[in-house]
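Inspection log for the structure reproduced underneath, given as C-alpha coordinates.
Just the heavy atoms: all of them, side chains too, but no hydrogens, waters or symmetry mates, feed the values below.
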Amino acid sequence: MSATQLIKQLKALSASERDSFARLFQELQTPTAQAEADGGVASGSGDWPDFGARLKRIYGNKVVADSEAVISYTRGDW
(Lines give C-alpha, C1' and ligand atoms only; values in the text may rest on other atoms or scores of the structure.)
Protein backbone atom coordinates (compact mmCIF):
# COMPACT_ATOMS: atom_id res chain seq x y z
CA MET A 1 0.00 0.00 0.00
CA SER A 2 1.39 3.37 -0.95
CA ALA A 3 1.39 6.42 1.32
CA THR A 4 -1.14 8.13 -0.95
CA GLN A 5 -3.58 5.24 -0.61
CA LEU A 6 -3.13 5.24 3.15
CA ILE A 7 -3.82 8.98 3.36
CA LYS A 8 -6.99 8.54 1.28
CA GLN A 9 -8.18 5.81 3.64
CA LEU A 10 -7.43 8.00 6.66
CA LYS A 11 -9.44 10.86 5.17
CA ALA A 12 -12.39 8.49 4.73
CA LEU A 13 -12.46 7.63 8.46
CA SER A 14 -14.84 9.32 10.85
CA ALA A 15 -13.48 11.94 13.25
CA SER A 16 -13.47 9.59 16.24
CA GLU A 17 -11.69 6.86 14.26
CA ARG A 18 -9.09 9.39 13.07
CA ASP A 19 -8.51 10.48 16.67
CA SER A 20 -8.09 6.87 17.75
CA PHE A 21 -5.67 6.25 14.91
CA ALA A 22 -3.68 9.40 15.76
CA ARG A 23 -3.45 8.35 19.42
CA LEU A 24 -2.30 4.83 18.56
CA PHE A 25 0.17 6.13 15.99
CA GLN A 26 1.63 8.55 18.56
CA GLU A 27 2.02 5.68 21.05
CA LEU A 28 3.81 3.69 18.38
CA GLN A 29 6.29 6.54 17.82
CA THR A 30 6.89 7.14 21.55
CA PRO A 31 9.12 4.46 23.11
CA THR A 32 8.42 5.73 26.65
CA ALA A 33 4.81 4.53 26.47
CA GLN A 34 6.03 0.96 26.09
CA ALA A 35 8.76 1.43 28.72
CA GLU A 36 6.20 2.63 31.30
CA ALA A 37 4.04 -0.39 30.55
CA ASP A 38 7.06 -2.65 31.14
CA GLY A 39 7.77 -1.10 34.52
CA GLY A 40 10.11 1.66 33.37
CA VAL A 41 12.77 -0.60 31.90
CA ALA A 42 13.31 -0.42 28.15
CA SER A 43 14.43 -3.73 26.69
CA GLY A 44 16.29 -2.13 23.79
CA SER A 45 16.93 -4.33 20.81
CA GLY A 46 16.99 -7.61 22.70
CA ASP A 47 18.38 -9.36 25.73
CA TRP A 48 21.86 -8.15 26.61
CA PRO A 49 24.34 -10.43 28.37
CA ASP A 50 25.36 -9.63 31.93
CA PHE A 51 28.71 -7.96 31.32
CA GLY A 52 29.40 -7.53 35.03
CA ALA A 53 29.04 -11.27 35.64
CA ARG A 54 31.27 -12.01 32.66
CA LEU A 55 34.01 -9.67 33.90
CA LYS A 56 33.80 -11.16 37.38
CA ARG A 57 34.10 -14.65 35.87
CA ILE A 58 37.21 -13.57 33.93
CA TYR A 59 38.99 -11.42 36.53
CA GLY A 60 37.51 -12.61 39.83
CA ASN A 61 37.58 -10.09 42.68
CA LYS A 62 40.72 -8.27 41.53
CA VAL A 63 40.73 -4.54 42.16
CA VAL A 64 42.31 -2.44 39.44
CA ALA A 65 43.98 0.88 40.18
CA ASP A 66 42.53 4.09 38.86
CA SER A 67 43.14 4.16 35.13
CA GLU A 68 44.31 7.82 35.18
CA ALA A 69 46.99 6.91 37.71
CA VAL A 70 48.12 3.93 35.62
CA ILE A 71 48.32 6.01 32.45
CA SER A 72 50.19 8.84 34.20
CA TYR A 73 52.65 6.36 35.73
CA THR A 74 53.38 4.67 32.39
CA ARG A 75 53.89 8.03 30.71
CA GLY A 76 56.38 8.93 33.39
CA ASP A 77 54.36 11.91 34.61
CA TRP A 78 55.29 11.11 38.23
Side-chain angles (χ1 to χ4, degrees):
M1 175 182 290
S2 71
T4 308
Q5 292 171 336
L6 182 62
I7 291 170
K8 286 180 183 177
Q9 286 185 359
L10 287 173
K11 285 182 181 180
L13 294 176
S14 67
S16 63
E17 289 177 325
R18 270 186 271 151
D19 291 340
S20 296
F21 176 81
R23 182 183 46 81
L24 291 172
F25 189 73
Q26 184 64 30
E27 287 178 10
L28 179 69
Q29 290 181 326
T30 309
T32 56
Q34 183 64 30
E36 289 173 3
D38 292 340
V41 178
S43 64
S45 61
D47 293 332
W48 287 84
D50 187 0
F51 292 109
R54 181 172 182 241
L55 290 174
K56 188 165 186 159
R57 194 172 56 247
I58 293 170
Y59 296 107
N61 289 328
K62 297 177 186 173
V63 177
V64 180
D66 182 32
S67 60
E68 257 326 290
V70 172
I71 292 170
S72 297
Y73 180 74
T74 55
R75 287 183 183 158
D77 293 342
W78 29 294

* Roughly how far, to the nearest 0.5 Å, is the CD atom of Gln9 from the CG atom of Leu13? ->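 If we round to the nearest 0.5 Å, Leu13:CG and Gln9:CD are 8.0 Å apart.
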
* Classify the angle between the aromatic ring planes of Phe21 and Phe25 as parallel (below 30°), tilted (30 to 60°) or perpendicular (above 60°). =>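 It falls in the parallel class, under 30°.
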
* To do: Please identify each residue that fulfils salt bridge (charged side-chain N to carboxylate O under 4.0 Å, His left out) with Arg23, with sequence neighbours left out.
  =>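 If we apply the salt bridge (charged side-chain N to carboxylate O under 4.0 Å, His left out) test to Arg23, skipping adjacent residues, the hits are Glu27.
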
